[in-house]
Amino acid sequence: MTMRIFSENVSQTEQAGFNFARTLNAGDVVWIFGGLGAGKTAFVRGMALALGCAGPVTSPSYSLAHEYAGRITLFHFDAYRLNDTEDLLDIGWEDYLLRGGVCAVEWAQRLNPLPCPGRHVTIEEAEGGRRIDVSEQ
Ligand SMILES: Nc1ncnc2c1ncn2[C@@H]1O[C@H](COP(=O)(O)OP(=O)(O)O)[C@@H](O)[C@H]1O
Ligand SMILES: [Mg+2]
């Protein structure tokens, strides 16, 4: 079962991330699929707002993981520069999981197989905007 949203601009993608994150609990994992410029980071920016996280959300492409304290801590990963699932484990994935925040991972398509289950968010360009598919719990 998935929910499909059509986003016409970046703020609608942020709003979709906000609405989605309101359904999350501590310990949830979110795998975000989509190519360069799809809007993955925009979606996570909305998620951060809903989780009560302060501070600007920027792409963790270079630092691999960003941590945002909030009502629920958000751990934000980007697999763009990872070669495989093993690389995610090498940067301490299991330790982050155990800390009971929400873990959101961009470029999830680079990780085969995914190291654990989670919600799936897929963002694709469509009709000049973005089609966002969200898997149910
Ligand atoms: N509907 C949309 N949703 C999200 N981003 C959009 C949309 N339309 C255009 N954009 C642009 O696409 C880019 C998305 O950037 P970003 O969120 O960093 O993508 P990603 O993290 O997937 O690489 C931004 O420059 C944004 O302005
Ligand atoms: Mg990004």
Side-chain angles (χ1 to χ4, degrees):
M1 249 306 258
T2 63
M3 181 175 67
R4 175 166 287 181
I5 302 146
F6 187 77
S7 160
E8 291 182 359
N9 53 51
V10 67
S11 61
Q12 287 185 4
T13 297
E14 290 169 358
Q15 185 66 48
F18 182 91
N19 292 339
F20 167 73
R22 286 165 60 183
T23 70
L24 296 177
N25 297 301
D28 284 345
V29 173
V30 184
W31 302 110
I32 306 177
F33 301 79
L36 192 66
K40 302 180 296 299
T41 299
F43 189 88
V44 173
R45 199 175 296 127
M47 286 180 60
L49 204 60
L51 297 174
C53 299
V57 171
T58 54
S59 177
S61 306
Y62 292 92
S63 49
L64 302 178
H66 283 169
E67 183 173 335
Y68 301 99
R71 178 173 58 78
I72 299 175
T73 302
L74 173 64
F75 300 109
H76 183 196
F77 300 83
D78 193 322
Y80 183 63
R81 285 184 174 71
L82 303 184
N83 287 314
D84 52 28
T85 304
E86 200 61 40
D87 283 353
L88 184 68
L89 301 179
D90 285 346
I91 65 167
W93 170 253
E94 299 283 348
D95 297 325
Y96 286 108
L97 265 191
L98 289 170
R99 290 174 60 191
V102 162
C103 290
V105 186
E106 297 190 32
W107 284 97
Q109 65 267 33
R110 293 190 60 79
L111 306 171
N112 286 301
L114 295 173
C116 70
R119 305 286 295 273
H120 286 214
V121 175
T122 304
I123 311 178
E124 289 168 304
E125 288 187 30
E127 297 159 44
R130 302 292 189 273
R131 185 175 55 235
I132 305 173
D133 286 306
V134 177
S135 74
E136 298 299 329
Q137 200 92 45

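This structure is a prediction, so every number in the text was calculated from the model and none was measured. Numbering of ligands and ligand atoms starts at 1, following listing order.
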Look at atom OH of Tyr80 and say whether more than 12 heavy atoms of other residues, nucleotides or ligands are closer to it than 6.0 Å. no
Atom CZ of residue position Arg22 - does it have more than 12 heavy atoms of other residues, nucleotides or ligands inside 6.0 Å? no
So if I apply the side chain to side chain contact (heavy atoms under 4.5 Å, CB included) rule between His120 and each of Val30, Val29, Ile32, Leu114, which one comes out positive? Leu114
Check: [X] side chain, [Y] main-chain N or O, donor-acceptor pair, under 3.5 Å:
X	Y	result
Arg131	Arg4	no
Arg119	Ser135	yes
Asn19	Ala16	no
Ser7	Arg130	no

Heavy-atom cut-off of under 4.0 Å around ligand 1: list whichever protein residues fall inside it, by chain and number.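 Residue list for ligand 1: Ser7, Glu8, Asn9, Val10, Thr13, Gly35, Leu36, Gly37, Ala38, Gly39, Lys40, Thr41, Ala42, Glu106, Arg130.
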Point-to-point distance, once rounded to the nearest 0.5 Å, from CG of Leu49 to CD of Gln15: 9.0 Å
In the structure I gave you, are the side-chain heavy atoms of Leu111 and Trp31 within less than 4.5 Å of one another anywhere?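 Yes. Closest side-chain heavy atoms under 4.5 Å.
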At a cut-off of 2.8 Å, list the protein N/O/S atoms near the Mg ion (ligand 2), residue plus atom name. Thr41 OG1, Glu106 OE1
